[in-house]
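Quantities reported herein were computed from a predicted structural model and do not represent experimental measurements.
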Amino acid sequence: MTGKLLRGRILSFSRRPQGPGDAGAYVYLEDGGVLIGEQGRIARVADFSEFTGADVAVIDHRPHLITAGFIDPHIHFVQMQVVGSYAGSLLEWLNTYTFIEEQRFADPAHAARIASLFFDELIRHGTTSAAAYCSVHAASAEAFFAEAEKRNMAMFAGKSMMDRNCPDALRDTPRRGYDETKALIEKWHGRGRAQVAITPRFAVTSSHAQMEAIAALAREFPEVPIQTHLSENHDEIAFVGELFPEHEDYTSVYSHYGLLRPKALFGHAIHLSAWEKAMMAETGAVAVSCPTSNLFLGSGLYDLFAADRAGMRSALATDIGGGTSYSMLQTLDAFYKVQQMCQNRLDPLTALYLITRGNAEAMGLADRVGSVAPGKYADLVVLDAAATPAMRVKMERISSLAEEAFLLQTLGDDRAVAETYVAGQPVKSKLAAH
Ligand code: GUN
Ligand code: ZN
């Protein structure tokens, strides 16, 4: 037998829906087949009946829904043991817990253990790609990329650069941050499915000299992604104003150092002025909203529709460990509620688009992942909207795809992920049961 054919209901987006009735934005096959071909890429997607006679092994996922794997464009792999730390707000949370915990990653054995657990957790939740922050220690990024390579997963990551306003044990220097990031790029960027992200933690923890070194990296590697934090919390914004008084606002600091560009992911970006939004829009930089984190730390509400009106690009992420769930479905639940508080009505199919194709576009990966289409990697999730007793009884009242998607985001979590495929291989069912 050659190849493998997945059977189930298939949903895949080709663009962001313009509203709840925009069926032109997606393909939905009631009884579809996904043929997996060379190197774990999708060879063909069609009605199952069109595959009759094909010499392939059929894996029947009916009645479940097969979509692209979820993508999490902002997550801290070094914060697995920070999740749920009791703090009033961002800076207290960073100083009291996060900057303490991250010091443990000086130990490569600890980094390797957490990296393995981290990838298990992503897979369990149906997340097949992510943009991850490692600690300041280059060895933590080594551990991350080694584990990602073992799992054949498409990942962005970078060692955090930080040389002030944090404990001594977490400080690098402008030179060291530059050298270690460059060495990571040379070793890992483009190796297998890995991409190295230039990762200044945020303007608070980088001196002017370090920002210059980061600007040099960004110039030297124009295709390499960038990730950092922006405008999450009012005290943080005021602190950046004190540290960089020569700049008009927080976004202008990053703009000055040449960090605003299409593959640059700015976590949070909640409290932007009209001018800052215009800079984001003009440069194609991406705001990555992290709703469970923003609610947990009381940071604020990201207004998606206002960002849309400003022409900004938006993505959606967990921000573990400020965030409180690894599940992109639970992230959608929180995002929906945040939009409600902003008087925005986010329809469930647009929501599902955001965590699949939308996040793939944000990371510049839409040519490879984010949809169920020929040529893309078979990075997929199989979703069971009746995974729990509460979901099962609610399913009795569900009569449309949009309602099913809404149920998945409202009550769904890792239990609703029946299987996760990475490059055509089933990986969730292979995890050791814990
Ligand atoms: N700003 C700078 N570092 C962090 C972090 O680790 N988490 C969050 N949520 N915000 C940050
Ligand atoms: Zn973060």
Do [X] and [Y] have side chains that get closer than 4.5 Å, going by heavy atoms?
X	Y	value
Gln330	Thr324	no
Ile114	His110	yes
Ser314	Tyr302	yes
His74	Tyr133	yes
Arg201	Met161	no

Stepwise side-chain contact (heavy atoms from CB on, under 4.5 Å) check, Thr199 with Thr181: CA-CA 8 Å; Thr199 308; Thr181 300; over 6 Å; no
Can we say [X] and [Y] salt-bridge, meaning some charged N sits less than 4.0 Å from an Asp/Glu carboxylate O?
X	Y	answer
Lys159	Glu180	yes
Lys187	Glu142	yes
Lys277	Asp308	no
Asp22	Arg15	yes
Glu38	Arg41	no
Glu149	Arg191	yes
Arg7	Asp31	yes

What are the two closest non-hydrogen atoms of [X] and [Y], and how far apart are they?
X	Y	value
Gln195	Pro225	OE1-CD, 3.6 Å
Thr350	Pro17	OG1-CB, 3.6 Å
Ala138	Leu184	O-CD2, 4.5 Å
Val56	Leu5	CG2-CB, 3.7 Å
Gly321	Gln79	N-OE1, 2.9 Å
Ala317	Asp72	CB-OD1, 3.2 Å

Take the angle between the ring planes of [X] and [Y] and call it parallel below 30°, perpendicular above 60°, tilted in between.
X	Y	result
Phe13	Tyr353	perpendicular
His256	His247	tilted
His229	Phe202	perpendicular
Phe77	Phe144	tilted

Counting distance only, does the side-chain N/O of Ser85 pair as donor-acceptor with the main-chain N or O of Val82 below 3.5 Å?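 Side chain of Ser85 to backbone of Val82: a pair is present.
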For side-chain contact (heavy atoms from CB on, under 4.5 Å), just list the numbers for Ser327 and Arg415, CA-CA rounded to whole Å, side-chain angles, deciding distance to a tenth of an Å, and then say yes or no. CA-CA 10 Å; Ser327 168; Arg415 294 168 295 178; over 6 Å; no
Under 3.5 Å, is there a donor on one side chain and an acceptor on the other for Asp319 and Ser293?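 Indeed, the side chains of Asp319 and Ser293 share at least one donor-acceptor pair under 3.5 Å.
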